[in-house]
K.L.:
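My structure is below; once you've seen it, I'll send some questions.
We're numbering straight along the sequence, starting at 1. Only a predicted model underlies this, so the values are computations on that prediction, with no experimental measurement involved.
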Amino acid sequence: MKHGLLIDMDGVIYSGETLIEGADKFINGLIKNDIPFTFMTNNSQRTRLDSVRKLKLLGIEVTENHIYTSAMATGKFLGDQGKNGTAYVLGEGGLLTSLHENGINLVNTDPEFVVLGEGRNFTLEMVQRAVDMILAGAKFITTNRDPSPKKPGWSNLGIAATTAMIEEATGRKAFVIGKPSPVMMRSARKYLGLETAETTVIGDTMETDIQGGVQMGYKTILVLSGIAKKEKLTQYAFKPDLIVSSVDQIELPLKWW
């Protein structure tokens, strides 16, 4: 049986613009030992090439094939809904590219779907237009529901806040694609060509990476180099299979391989 890894990035591989110590050696070891892995990120704004370039600046050499984003999962999901679908998009870069690659036509009137991703360039007028489209019957999709970091000077509201605003204005709940949704967790596994029993998730967030993995029946590893704090883990009804301080503490092969 082969085994592979779905690896979160921010908080696991880097923190902001800083490499987490030992992360480069861990990834180089995966490549050297031909262990299948992909970086699984909820960020739908960046293209895969953007992510590759950022990792390279931090000393990690991977290809675009090592990146799987919520934008890719969203594009695949909508493409699977039917050919020549139409969408009005509040989003940028990676999301627009993925929708185009999956045959979704981007329109400004009468769409089948309104798709929300991260972005800084859409206006309140565009949000209002999206609201009107949803009220007229368009289906509301959001690439993920990651919260704002709630830090002074943060340059956008955050996608959770924008999603909530549109939900309140329309009375319609968004269908969420990104982690911890099974849509993305399953899509990323299939992207690597793995079965459920062959899949391990590495993440720093209980509410997304670990919860998503547990719900899908994957093995899970929580790193404490990001958001999660060890003293708060007892408040969750689920737990990871392994807890480490950072990825360089993970010993391969894993005990369940």
K.L.:
side-chain contact (heavy atoms from CB on, under 4.5 Å) between L95 and V115: does it pass, once the steps are laid out?
P.N.:
CA-CA 9 Å; L95 179 57; V115 183; 4.0 Å; yes
K.L.:
Do L254 and W256 have side chains that get closer than 4.5 Å, going by heavy atoms?
P.N.:
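In short, these two side chains touch, coming nearer than 4.5 Å.
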K.L.:
Judged by atom type as modelled, is there a donor-acceptor pair below 3.5 Å linking the side chain of E167 to the main-chain atoms of A174?
P.N.:
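Indeed, once roles are kept as given, a pair shorter than 3.5 Å links the two residues.
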K.L.:
Are L30 and V201 linked, directly or through intermediate hydrophobic residues, by side-chain heavy-atom contacts shorter than 4.5 Å (ILVMFWY only)?
P.N.:
no
K.L.:
Assess K54 against Y14: is NZ or CZ under 6.0 Å from the centre of the six-membered ring, and within 45 degrees of the ring's axis?
P.N.:
yes
K.L.:
Verify side-chain contact (heavy atoms from CB on, under 4.5 Å) between E118 and T143, making sure each step is shown before the conclusion.
P.N.:
CA-CA 8 Å; E118 293 92 346; T143 58; 4.0 Å; yes
K.L.:
Considering only heavy atoms from C-beta outward, does the side chain of L252 approach that of W257 to under 4.5 Å?
P.N.:
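They are in contact (side-chain heavy atoms under 4.5 Å apart), so the answer is yes.
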K.L.:
For Q81, is the CD atom crowded, meaning more than 12 foreign heavy atoms sit under 6.0 Å from it?
P.N.:
yes
K.L.:
Looking at P182 and M216, what are the two nearest heavy atoms and their distance?
P.N.:
CB-SD, 3.6 Å
K.L.:
Within this structure, what is the CG-CD1 distance for the pair D204 and I227, rounded to the nearest 0.5 Å?
P.N.:
5.0 Å
K.L.:
Heavy-atom count check: over 12 atoms from other residues, nucleotides or ligands less than 6.0 Å from Q235 CD?
P.N.:
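Counting other residues, nucleotides and ligands, CD of Q235 exceeds 12 neighbours.
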K.L.:
Under the side-chain contact (heavy atoms from CB on, under 4.5 Å) criterion, do V52 and I67 qualify, and how do the steps go?
P.N.:
CA-CA 8 Å; V52 168; I67 309 293; 4.0 Å; yes
K.L.:
Flag the pair V62 / K56 as yes when at least one side-chain heavy-atom distance between them is below 4.5 Å, and no otherwise.
P.N.:
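No; the side chains remain at least 4.5 Å from each other.
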K.L.:
Which atom pair, heavy atoms only, marks the closest approach of V114 to M133?
P.N.:
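Minimum heavy-atom contact is CG2-CB, 3.9 Å.
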K.L.:
Using modelled atom types and a 3.5 Å cut-off, is there a donor and acceptor pairing between side-chain atoms of N43 and backbone atoms of Q45?
P.N.:
yes
K.L.:
For residues R48 and N65, determine if any side-chain heavy atom of one lies less than 4.5 Å from a side-chain heavy atom of the other.
P.N.:
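In contact.
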K.L.:
In terms of heavy-atom contacts, does CG of N28 have more than 12 from other residues, nucleotides or ligands at under 6.0 Å?
P.N.:
yes
K.L.:
Measuring from atom OG1 of T97 to atom CD of E92, what distance do you get when rounded to the nearest 0.5 angstrom?
P.N.:
11.5 Å
K.L.:
Quick one: does Y218's side chain get under 4.5 Å of L194's, heavy atoms only?
P.N.:
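Heavy-atom side-chain distance check fails, nothing below 4.5 Å.
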K.L.:
Hydrophobic clusters here meaning ILVMFWY residues chained together by side-chain heavy-atom distances under 4.5 Å, can you tell me if I31 and I35 are in one?
P.N.:
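They do share one cluster, since a chain of ILVMFWY contacts under 4.5 Å joins I31 to I35.
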K.L.:
Supply the atom-to-atom distance L222 CG to D209 CG, rounded to the nearest 0.5 angstrom.
P.N.:
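Here the interatomic distance stands at 8.5 Å.
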K.L.:
When you measure from the side chain of S98 to the backbone of A71, do you find a donor-acceptor pair of N or O atoms at a distance under 3.5 Å?
P.N.:
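Yes.
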K.L.:
Does D34 have more than 12 heavy atoms from other residues, nucleotides or ligands lying within 6.0 Å of its CG?
P.N.:
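It does not: D34 CG has 12 such atoms or fewer within range.
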K.L.:
Salt bridge check: are D8 and K179 linked by an N-O gap of less than 4.0 Å?
P.N.:
yes
K.L.:
Of all heavy-atom pairs between G79 and I104, which one has the smallest distance, and what is that distance?
P.N.:
N-CD1, 4.0 Å
K.L.:
Would L19 and I60 satisfy side-chain contact (heavy atoms from CB on, under 4.5 Å), going step by step from the backbone distance to the final call?
P.N.:
CA-CA 9 Å; L19 181 74; I60 296 175; 3.8 Å; yes
K.L.:
Start with the C-alpha gap between F77 and F175, add the side-chain angles, then the distance that decides, and say whether ring-ring contact (aromatic ring centres under 6.0 Å, His included) holds.
P.N.:
CA-CA 11 Å; F77 175 80; F175 184 75; 5.2 Å; yes
K.L.:
Do I177 and T142 have side chains that get closer than 4.5 Å, going by heavy atoms?
P.N.:
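Side chain of I177 against side chain of T142, heavy atoms only: no contact under 4.5 Å found.
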K.L.:
Do any N or O atoms from the side chain of S70 and from the backbone of N42 form a donor-acceptor pair under 3.5 angstrom?
P.N.:
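Judged by distance alone, yes, a pair lies under 3.5 Å.
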K.L.:
For R172 and I134, indicate whether the former's side chain and the latter's backbone hold a donor-acceptor pair under 3.5 Å.
P.N.:
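Yes, because the side chain of R172 sits within donor-acceptor range (under 3.5 Å) of the backbone of I134.
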K.L.:
Roughly how far, to the nearest 0.5 Å, is the OG1 atom of T69 from the CE atom of M40?
P.N.:
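With rounding to 0.5 Å, CE (M40) is 11.5 Å from OG1 (T69).
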K.L.:
Do L58 and I7 land in one hydrophobic cluster if side-chain heavy atoms of ILVMFWY residues count as linked below 4.5 Å?
P.N.:
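In one cluster: yes.
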K.L.:
Using every non-hydrogen atom in the two residues, find where D24 and G59 come nearest and quote the distance to one decimal.
P.N.:
CB-O, 4.2 Å
K.L.:
Working to the nearest 0.5 angstrom, can you tell me the gap between I202 CD1 and S246 OG?
P.N.:
11.0 Å
K.L.:
Under 4.5 Å between side-chain heavy atoms, hopping through other hydrophobics if needed: is there a path connecting L233 to I250?
P.N.:
no
K.L.:
When you measure from the side chain of T86 to the backbone of V107, do you find a donor-acceptor pair of N or O atoms at a distance under 3.5 Å?
P.N.:
no
K.L.:
Nearest heavy-atom pair of A138 and P111: which atoms, and what distance?
P.N.:
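Heavy-atom minimum between the residues: CB-O, 3.5 Å.
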K.L.:
Indicate the ring-plane relationship of Y68 and Y191, choosing parallel, tilted or perpendicular according to the 30° and 60° boundaries.
P.N.:
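Taking Y191 first and then Y68, their aromatic rings sit tilted (interplane angle of 30° to 60°).
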K.L.:
Backbone N or O of E195 within a donor-acceptor pair of the E198 side chain at under 3.5 Å?
P.N.:
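Yes.
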K.L.:
Would you indicate whether the side-chain heavy atoms of I141 and L116 approach each other to under 4.5 Å?
P.N.:
no
K.L.:
Using modelled atom types and a 3.5 Å cut-off, is there a donor and acceptor pairing between side-chain atoms of T205 and backbone atoms of E207?
P.N.:
no
K.L.:
Answer yes or no: is there a side-chain heavy-atom contact under 4.5 Å between L6 and T38?
P.N.:
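In short, these two side chains touch, coming nearer than 4.5 Å.
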K.L.:
Should the pair F39 and F37 be assigned to parallel (<30°), tilted (30 to 60°) or perpendicular (>60°) ring geometry?
P.N.:
perpendicular
K.L.:
Closest approach of P180 and Q215, non-hydrogen atoms and distance?
P.N.:
O-OE1, 3.6 Å
K.L.:
Main chain of I159, side chain of T163: is a donor-acceptor contact present, judged purely on distance under 3.5 Å?
P.N.:
yes
K.L.:
Looking at S225 and G11, would you say the former's side chain and the latter's main chain have a donor-acceptor pair under 3.5 Å?
P.N.:
yes
K.L.:
At what distance, to the nearest 0.5 angstrom, does CE of M9 lie from CD1 of I20?
P.N.:
12.0 Å
K.L.:
Grouping I, L, V, M, F, W and Y whenever their side-chain heavy atoms are under 4.5 Å apart, do L192 and L5 come out in a common cluster?
P.N.:
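No: no chain of side-chain contacts under 4.5 Å links L192 to L5.
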